[in-house]
Amino acid sequence: NYGELLYSFFVKDEEEFWSNLSPTIYLYTKGRATFLPFGWIHFKNKELFLNKYKLVQCTMNNVNTKNKPIAIDKALIICDPSSTLPEAQLEAEDLHEFLIDKNISTDIISKNIELMELKGYFEKYDLIHYVGHGEKGWHLSKRKRLTSNNIPDLKNPPSLVVSNSCQTALNTGTENLIHTFLKKNI
């Protein structure tokens with residue numbers, strides 16, 4: 001079981017691990033470790049773990065191979081298209097205000113989104129910030145999801161994608177959203 005193997009690799013002293021655990025666990029990875037399915041880590045009580053802690057994978061790869069600073073002129077905040085997270089709107093409004101103060105043209109979308117419509121957004125904006133549900137992919141509506149299997153190929157991808165959603169690092173198809181974004185140079 002891969003999950004148990006990953007758990008045993010990270011947790012040497014189980015009592016010490018759980019007693020010193022902060023609410024957010026950051027896994028910093030680089031190179032080939034970026035593609036390990038950390039969302040598969042097996043915890044004895046997975047539901048308790050997922051409800052009490054956030055597992056965040058931070059990649060350390062130099063994705064910007066041209067060594068140019070990332071220019072962000074246009075940002076899109078996708079705010080809870082399924083309309084089930086009232087707190088998401090507050091985050092979107094705060095972020096909108098912050099980006100406007102930085103002279104970044106910013107739009108907020110809080111409606112159901114079609115996949116082809118999303119592809120247009122990905123090619124139009126430099127920054128995409130998603131806040132919403134992430135179980136089995138980004139919730140674009142009550143029934144539609146953006147998963148690793150349906151992220152479109154892009155001619156002009158955004159410089160940065162931020163996903164503030166639960167379980168984004170879990171596999172939503174053949175791999176997880178983070179890995180797919182990286183593979184597509186997003």
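No hydrogens, no waters, no symmetry mates; every other heavy atom, side chains included, goes into these values. Since this is a predicted model, take the numbers as computed values, not measurements.
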Quiz prompt | Minimal non-hydrogen separation, Ser141 against Pro81, with atom names | solution = N-CB, 4.3 Å

Quiz item: In Å, rounded to the nearest 0.5 Å, how long is the span from OG of Ser82 to CG of Asn112?
Solution: 8.5 Å

Quiz item: Side-chain heavy atoms under 4.5 angstrom apart, residues restricted to Ile, Leu, Val, Met, Phe, Trp, Tyr: same cluster for Val131 and Leu118?
Solution: no

Exercise. Could you check Ile128 against Ile78 for side chain to side chain contact (heavy atoms under 4.5 Å, CB included), going step by step and ending with a plain yes or no?
Key: CA-CA 7 Å; Ile128 304 285; Ile78 301 172; 3.9 Å; yes

Quiz item: Applying the 4.5 Å side-chain criterion to the ILVMFWY set and letting contacts propagate, would Leu85 and Leu140 be lumped into a single cluster?
Solution: no

Exercise. First locate atom CD1 of Ile113, then atom OH of Tyr121, and finally report the distance between them rounded to the nearest 0.5 Å.
Key: 6.0 Å

Quiz prompt | Any donor-acceptor N/O pair, Lys74 side chain to Ser105 backbone, under 3.5 Å | solution = no

Practice problem: Please name the pair of heavy atoms, one in Trp138 and one in Val162, separated by the smallest distance, quoted to 0.1 Å. | Solution: CZ2-O, 4.4 Å

Quiz prompt | Those residues that, when tested against Asp107, pass side chain to side chain donor-acceptor pair (under 3.5 Å) (two or more places apart) | solution = Tyr125

Practice problem: Quick one: which residue pairs count as a salt bridge (charged side-chain N to carboxylate O under 4.0 Å, His left out) with a foot in residues 110-123, not counting sequence neighbours? | Solution: Lys111-Glu117, Glu114-Lys144

Quiz item: How far does CG of Leu76 sit from CG of Asp126, to the nearest 0.5 angstrom?
Solution: 11.0 Å

Quiz item: Does some side-chain heavy atom of Ile109 sit less than 4.5 Å from a side-chain heavy atom of Ile77?
Solution: no

Quiz item: Out of curiosity, Tyr130 OH to Leu146 CG, how far, rounded to the nearest 0.5 Å?
Solution: 8.5 Å

Quiz prompt | Gap between atom CG of Asp80 and atom OG of Ser110 - 0.5 Å precision | solution = 7.5 Å

Residues 90-104, side-chain donor-acceptor partners within the protein, below 3.5 Å, at least two apart:
from, atom 1, to, atom 2, distance (Å)
Glu91, OE1, Asn164, ND2, 2.6
Glu91, OE2, His129, NE2, 2.9
Glu91, OE2, Asn164, ND2, 2.9
Glu93, OE2, Gln89, NE2, 3.4
His96, NE2, Thr106, O, 3.3

Quiz prompt | Least distance between heavy atoms, Lys142 atom then Arg145 atom | solution = O-NH1, 3.6 Å

Quiz item: Does any donor atom in the side chain of His133 or Ser165 lie under 3.5 Å from an acceptor atom in the other side chain?
Solution: no

